[in-house]
Number of protein chains: 2
Amino acid sequence: MARETLNREQIVGAAIELLDAEGIDGLSMRKLGQKLGSAATAMYWHVGNKENLLVLAADEVWGEVTLPDVPAVGWRAAARELMYAAHELTGRHRWLVRVITTYVAYSEGMARFQECAYETFEAAGFRDADLDWAVSTPFMFVTGMAFMTTTDAAEVKQRASSGDAAQPEDEAAVVAQVAALAAKYPRLSASMQAQGQRGLTFGEEVEKVFAFGVETILDGMAARLAAGRDAD
Amino acid sequence: MARETLNREQIVGAAIELLDAEGIDGLSMRKLGQKLGSAATAMYWHVGNKENLLVLAADEVWGEVTLPDVPAVGWRAAARELMYAAHELTGRHRWLVRVITTYVAYSEGMARFQECAYETFEAAGFRDADLDWAVSTPFMFVTGMAFMTTTDAAEVKQRASSGDAAQPEDEAAVVAQVAALAAKYPRLSASMQAQGQRGLTFGEEVEKVFAFGVETILDGMAARLAAGRDAD
DNA sequence: ACCTGAACACCGTTCAAGT
DNA sequence: ACCTGAACACCGTTCAAGT
């Protein structure tokens, strides 16, 4: 992989590959240097520091999102599309939410996305402060979902729900401990049992929860608009 | 601060103090050892490792939450109370969401809280899979809020919104950069301008967004229940 | 303009040795 | 049973020195 000199795009691209493959803890400046065939410290000249590199990587992947045509599809479909797009983006790049919520990662890519969210909820009929809040609410939900599902804990659950296969012993112990804890609470254990009978994997359950949340929030928005409720 | 031997509660207590005071990056085993007057490695005998210590700390603070009396107040008030309780807890311990979403931190304290959430949405009329999803949705929102507001970025915005005071130069530069970015998008810049005129601090805006989100989600739940919509 | 290598100040964790 | 100190394998970052 010879090349003349390093450059920003190349470094950011390699960082994204490393992040996607090994997660946020898998990215170290030394490892990245190795991947690029440079000294561990060579990147500092191009990207300043690690924080900035992560912000650049986050911005880059926002570019993958296709925005809906709001006037064509209407506010409700557009809002749904935006939520799903963000949900899928955070699923594809499981480090993304972590970066956005750790650093000041307000970037071109996010701004473009947010502008479209404003367009969407403006089309719905929200104005002024209500508009700001309406834009925020769905993305708080998406962010929360992303956190709960892009975690070590989520991966443990994923492996547990997909059967025996590659579940290490210590993970099985953790899962058993969680079950033992839930057993002390009647409603939690009833829910766990019912979930077992439904037989969905963790990933499938996640998608169900997400779909439910999206429609609930959209229903709530519609109810607010219908009632003509104002900001207080 | 003399004492016979170290013990678990003491270590967890000191860890919580350090976490509250200095944030999640402020906790190192060496610093904690110093605070307790022990060797950096003395804690390993009592808590195993750092991950486990963080999980113990998370469990401990869940105990601070007072649960609503669901039959007495009704589902909607109870749901609101639970959401606000979790919101305040994550605000008081700004490291909590990070811990919960990084490790497998399902503990006694969380289970107790969750059981009450199940009781609440069962009282509302949700059953089976719908019940699971109804319980999850509000807490995805709360988690998302917590992330967006317990971040370095949030602290930068907090200081920026509270006027000149203690804003370091480099932070001011970042804030200016964000404004410059938003200026390229008509709706974002209109919103920023309007927000400036409202004159609320970042913290006050956060509470408004939270209140809006809570009521929107509760409205959405009510709409679903009224329509008798089933799980698909 | 771009890169290297050594160095610094940190980490979490292990483990033999002590009491 | 409980704790210490040295050691190991990592970090991010700085900076003089090279080309």
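Per chain, numbering begins at 1; letters A, B, ... match sequence-line order. All values below were derived from every heavy atom in this structure, side-chain atoms included, with hydrogens, water molecules and symmetry-related copies excluded.
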Begin from the C-alpha positions of A:Asn7 and A:His46 and carry the test side-chain hydrogen bond (donor to acceptor under 3.5 Å, both in side chains) through to its verdict. CA-CA 7 Å; A:Asn7 61 54; A:His46 296 277; over 6 Å; no

Write down the distance between [atom1] ([X]) and [atom2] ([N]), rounded to a whole number of angstrom.
X       : N     : atom1 : atom2 : result
B:Arg8  : D:dA1 : CZ    : P     : 16 Å
B:Leu36 : D:dC2 : CG    : P     : 15 Å
B:Trp45 : D:dC2 : CH2   : P     : 4 Å

Would you say B:His46 places a side-chain N or O within less than 4.0 Å of OP1 or OP2 belonging to D:dA1?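 Result: no.
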
Go ahead and write out DNA chain C as dot-bracket, 5' to 3': ( ) for pairs within the strand, [ ] for ones crossing earlier pairs, | when the partner sits on another strand, dots for unpaired; Watson-Crick or G-U wobble, both distances under 3.5 Å. ||.|||||...|||||.||

Compare every heavy atom of B:Thr150 with every heavy atom of B:Arg98, then report the nearest pair and how far apart it is.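 Smallest interatomic distance, heavy atoms only, reads NH1-O, 4.1 Å.
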
Checking B:Asp132 against B:Tyr118: is there a side-chain donor and acceptor pair closer than 3.5 Å?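 Their side chains do contain a donor-acceptor pair, which is all the 3.5 Å distance test asks for.
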
Are B:Tyr185 and A:Glu108 close enough that a side-chain donor and a side-chain acceptor fall under 3.5 Å?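 The answer is yes; a qualifying pair exists.
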
Ring pair (Phe, Tyr, Trp, His ring centres under 6.0 Å) partners for B:Phe210, two or more places apart: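 So B:Phe210 forms a ring pair (Phe, Tyr, Trp, His ring centres under 6.0 Å) with B:Tyr84, B:His87, B:Phe141.
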
Any Lys/Arg nitrogen of B:Lys184 or A:Glu115 sitting under 4.0 Å from an Asp/Glu carboxylate oxygen of the other?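 A salt bridge is absent here (no side-chain N lies under 4.0 Å from a carboxylate O).
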
Quick one: are the ring centres of B:Phe139 and B:Phe113 less than 6.0 Å apart?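 They qualify: ring centres under 6.0 Å apart.
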
At under 4.0 Å between heavy atoms, how does the protein contact nucleotides 6-19 of chain C? Give one character per nucleotide, 5' to 3', with B, S or -. BB---BBBB-----

Would the distance check show the side chain of A:Lys157 and the main-chain N or O of A:Asp152 forming a donor-acceptor pair, the cut-off being under 3.5 Å?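 Looks like no, no N/O pair under 3.5 Å.
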
